[in-house]
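Throughout, a chain's letter reflects where its sequence line sits, starting with A, and its residues are numbered from 1.
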There are 2 protein chains.
Amino acid sequence: MDEDQFRKAAHSAIEEIISYRRSLPSRRVLSTVQPGYLAPQLPPSIPTEPEPWDAIQPDIDKLIVPGLTHWASPNFMAFFPAHSTYASMLGELYSAAFSAPAFNWLCSPAITELETVVLDWVAKAMALPESFWSKGEGGGVVQGSASEAVVTVMVAARERMINRLTEGLEGKEKEAKVAEVRGRLVALGSEHSHSATHKGAIIAGTHFRIIPASKETGFAMTGEAVERVIKECEKDGLIPYYLTATLGTTSTCAVDDFEGIKETLRRCGKDAWVHVDAAYAGAALVCEEYQHLSKQLEGMDSFDFNMHKWLLTNFDASCLYVRHRTSLTSVLSITPPFLRNQFSDHGLVTDYRDWQIPLGRRFRAIKIWFVLRAYGLSGLQSHIRRTVKLGQYFHSLVQSRADLFGVVSGPQFALTVVTIKPLPPTARAVQNELTRKVYETVNKRGEVYLTNTVVGGVYAIRVVGANPTTQEEHLRRCWEVLVEVGDEVRGEMPPGGGAR
Amino acid sequence: MDEDQFRKAAHSAIEEIISYRRSLPSRRVLSTVQPGYLAPQLPPSIPTEPEPWDAIQPDIDKLIVPGLTHWASPNFMAFFPAHSTYASMLGELYSAAFSAPAFNWLCSPAITELETVVLDWVAKAMALPESFWSKGEGGGVVQGSASEAVVTVMVAARERMINRLTEGLEGKEKEAKVAEVRGRLVALGSEHSHSATHKGAIIAGTHFRIIPASKETGFAMTGEAVERVIKECEKDGLIPYYLTATLGTTSTCAVDDFEGIKETLRRCGKDAWVHVDAAYAGAALVCEEYQHLSKQLEGMDSFDFNMHKWLLTNFDASCLYVRHRTSLTSVLSITPPFLRNQFSDHGLVTDYRDWQIPLGRRFRAIKIWFVLRAYGLSGLQSHIRRTVKLGQYFHSLVQSRADLFGVVSGPQFALTVVTIKPLPPTARAVQNELTRKVYETVNKRGEVYLTNTVVGGVYAIRVVGANPTTQEEHLRRCWEVLVEVGDEVRGEMPPGGGAR
């Protein structure tokens, strides 16, 4: 593809993208393709001869678009949003054009330095503790996802604890102690922490224990609950080395009791690494009204949130901040001759490869830079406030039919979690079954896409409409669909609400 | 940024990208910026108000481009190439527009299914053993990098070995045995394996031992060397669970003795996981003349190569193939309620999140699809053959001045590794010092960018000119620079070649 062909192809791609995005409100948000739909429509192997763009492009609309779940649709209210904006797309385009596996500073100084700058910008805008800014001993790094960030800090936490408990030992004695400690390490997370913590514990090769967080505390993990589990662990000979605290849990957007947790760890004399996973809700910290939470991050070992969820940047752009960057670099730095250079050797520069699991890394800072500038802080704030308000609006709709739906939690960071109310009231198992039926029927209709959860034994439906294009009308329509299906499902309920 | 603003901005970005790439041959390949150049040129925080594209775009050329290392330059001959092509950039653009953290099938069926199709296409084109195709028990997955792939399979290998050695045990007994085995596991790699294996062992929390691979075997790891180290490990009570074998080592593009290694493992009765890291050179397998190596992959547990190095796709696109996909999914699958759906529950579909460390994943298959179609198999092959020939051409130039430079290895997969020849011949330390001086002087001049290595105690310079725009003239100019600097450095050598 030469320059002229590229220009022509790119112009055509841009028109297609504009028209795709314009079409989103009228598209069914969930795809209707069946498993295995694609392969039979494609040739069995790479074409022998080059194909012109004119032959390739039509297949996108014909074969790919029908198989997409439209995350950018205003009717996508499932999981958490995964934004993509025009500013951010331009960033990806430049990133691809400037392609470099920018593992160290010298491999493209601009890639490293812009990353440091934009992460400091974001830290400042969010009023994160200064210990997370690059000017001191901490700093930020862009990771691919919040789950990758969790694994990264868990490995650092594991090694920090092993080092502390084997300090001063040497040779065989040290080796034996390391093996013993390793076998006793346990990572902790609340029952509402993202599954990434459990998976991270598997990858790090340690135990994992769950800390209960019940309805009574709004599904937030408390210091007392942490203390109880720590004591159980100790009784069982386990050493807690890591804890995920969450700012905005996946199920209900609960915020754990950070101050209580810190107090517990201080009192217990435990120096487990505390990571704050704010994957989705962290974005709200750009607004002053949420910055009391930023203050509570003081003393935490690490904090991570995704610009690629609620902050107008396309996947991937997960911003991880650590209090001591050496806690990452001392574990993750390996320097063979071909990675050595005068700048790195003299400690003059940041080599982000030592802050992450993979060696290579993409130029992700440029799209973050574009987004921050194209929206401005005021634009970011009004986006968050507007979507938080949409959540409140949806909640008010639910309350208007308190006979049909009950609120399990929210509105919290634009998320409301609901169940159907059986008539007459009945056993929870039956209620769960009805809610499940409502959930499945709504998604089958495909006009909106929602996800489910189970909290405190209650099967519930999550509604979070926080895309830039989502308006009141979309939440109202979502609500109408829920009411229609809710009435229908409840109408089918056998008299007495017994087994179905 | 609305549609019209995006259209205008994107058109302008495309012109800038075209003109950037056109300018590459005349640009100094290495940036001259000093550490910390960028931050003082940028405001200290996010602008309060939105900025128009007209205000943002000029800063790219003014602030970012001067800080880039131009990996796409025809004069970039360092590390391994990291391609980026117009076809691939278009893929990134669509990927950003269709943004989805496509962790499971339902989250965008097209993203999953296209990935399976293109990886099968590539497997077929490379004549990989059918055990790596998706139709049987194996299959491919796109990872971010070869180093991420290494960690992923190491974790799977670790758990496989632990499971095998604790089979049938239960409760406390099992727990104790798991801890004991965990402390004794050792990963193996040759001294020329990529540092990712060492780093992977740290992340996986296991021991790591190096297998020597000397000049006598062309820096390739042999079955005998593996056997010796395995025996030493056993003497020390360690259990080898994983081995990286390399197809194209970083230093010299050596190919380990796959058949010898497999034979050793069979004979020793060891069931360590063997991963073949073909990050760079694997791309050559699209040509029949290299496919005798594909045959030797039969029986290997996994194989990985990067389309984003030598195969015309921008970073990231690392293709990992495994023989038994359950060896990944049984370890890496965690399914909380919000990730459950009828398709995954019934095992009808592939959920690639269970094949990798992070949960979310980008739509990387679309750029691979574009590249495979835009070049066609014949285009991929002629690209590889053309650049292999460039390596041979460079080697012939080196031979023409056998008095000045010696060949340490190559030409192998377009890579030639050279040292300067001191006159008169002198101690190796002095020779190393002279080569180092040549290397540093060449990079300081910045007309070409090369990297160094140390093999068998010899300090050497790697030259690999394999970008799509690299031509004979660029390798000839690189050679002229080397000769100029080599003559100069050797001329400064004190009589007798003694200490300098």
Side-chain angles (χ1 to χ4, degrees), chain A residues 1 3 6 10 14 17-18 33 35 38 45-51 56 64 67-69 71 82 84 86-87 89 92 96-97 99-101 108-110 113 121 124-125 145 147-148 155 179 183 195 198-199 203 205 314-315 334 336-338 348-349 358-360 372-373 376-377 379 451 454, chain B residues 1 3 6 10 14 17-18 33 35 38 45-51 56 64 67-69 71 82 84 86-87 89 92 96-97 99-101 108-110 113 121 124-125 145 147-148 155 179 183 195 198-199 203 205 314-315 334 336-338 348-349 358-360 372-373 376-377 379 451 454:
Chain A
M1 194 179 281
E3 290 177 6
F6 171 60
I14 286 157
I17 287 167
I18 289 173
V33 299
L38 184 61
S45 45
I46 304 175
T48 309
E49 296 307 319
E51 292 184 80
I56 298 171
I64 302 304
L68 292 179
T69 296
W71 286 67
S84 170
Y86 288 135
M89 286 176 221
E92 287 292 1
S99 189
S108 253
E113 299 208 4
W121 279 11
K124 210 166 161 181
S145 69
S147 50
E148 186 180 334
V155 168
S195 53
H198 186 181
K199 184 162 171 173
I203 293 165
N314 70 290
F315 188 84
I334 306 269
F338 64 89
L348 291 171
V349 295
L359 174 62
L372 298 178
R373 295 182 65 175
L377 185 55
T451 33
V454 178
Chain B
M1 192 179 282
E3 288 176 7
F6 171 61
I14 285 156
I17 287 166
I18 288 173
V33 300
L38 184 61
S45 45
I46 304 175
T48 309
E49 296 307 319
E51 293 185 79
I56 299 171
I64 303 303
L68 292 178
T69 295
W71 286 68
S84 170
Y86 287 135
M89 286 177 221
E92 287 292 1
S99 190
S108 254
E113 299 208 3
W121 278 10
K124 209 165 161 183
S145 69
S147 50
E148 187 180 334
V155 168
S195 53
H198 186 180
K199 184 163 172 173
I203 292 164
N314 70 289
F315 187 83
I334 306 270
F338 65 90
L348 291 170
V349 295
L359 173 63
L372 298 178
R373 295 181 64 175
L377 184 55
T451 33
V454 179

Test item: [X] side-chain N/O and [Y] main-chain N/O as donor-acceptor pair under 3.5 Å:
{"X": "A/Ser99", "Y": "B/Ser84", "value": "no"}
{"X": "B/Ser108", "Y": "A/Leu68", "value": "no"}
{"X": "B/Thr48", "Y": "A/Leu377", "value": "no"}
{"X": "B/Glu113", "Y": "A/Leu38", "value": "yes"}

If we define contacts as heavy-atom pairs under 4.5 Å, which of [options] has the most with chain A?
{"options": "B/Glu51, B/Lys124, B/Met1", "result": "B/Glu51"}
{"options": "B/Glu92, B/Glu148, B/Met89", "result": "B/Met89"}
{"options": "B/Thr451, B/Ile17, B/Val454, B/Leu348", "result": "B/Ile17"}
{"options": "B/Asn314, B/Ile203, B/Val33", "result": "B/Ile203"}

Specify which of [options] makes the most heavy-atom pairs with chain B at under 4.5 Å.
{"options": "A/Ala100, A/Ala125, A/Ala82", "answer": "A/Ala100"}
{"options": "A/Gly379, A/Ser147, A/Ala179, A/Ala87", "answer": "A/Ser147"}
{"options": "A/Pro358, A/Gly360, A/Gly183", "answer": "A/Pro358"}

Inset, instruction - Provide the closest heavy-atom pair for A/Ile46 versus B/Leu372 in the form atom of the first, atom of the second, distance. - result: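 Between these two residues, the closest heavy atoms are CG2-O, 3.5 Å.
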Inset, instruction - Indicate the atoms forming the closest heavy-atom contact of A/Ala110 with B/Ile64, along with that distance. - result: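 Reported closest heavy-atom pair: CB-O, 3.4 Å.
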Is [X] close to chain A through its backbone or its side chain, or both, or neither, when contacts mean heavy atoms under 4.5 Å?
{"X": "B/Leu359", "value": "both"}
{"X": "B/Ser145", "value": "side chain"}
{"X": "B/Val349", "value": "side chain"}
{"X": "B/Ser45", "value": "both"}

Legend entry - Distance in Å, B/Ile56 CD1 paired with A/Arg373 CZ, rounded so as to fall on 0.5 Å steps: 5.5 Å
Inset, instruction - Mind checking the CD-CD1 spacing from A/Glu3 to B/Ile14? Nearest 0.5 Å is all I need. - result: 12.5 Å
Legend entry - Region of A/Ala10 that comes under 4.5 Å of a non-hydrogen atom in chain B: both
Legend entry - Engaged part of A/Lys199 at the chain B interface, taking heavy atoms whose separation is under 4.5 Å: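 Both parts, heavy atoms under 4.5 Å.
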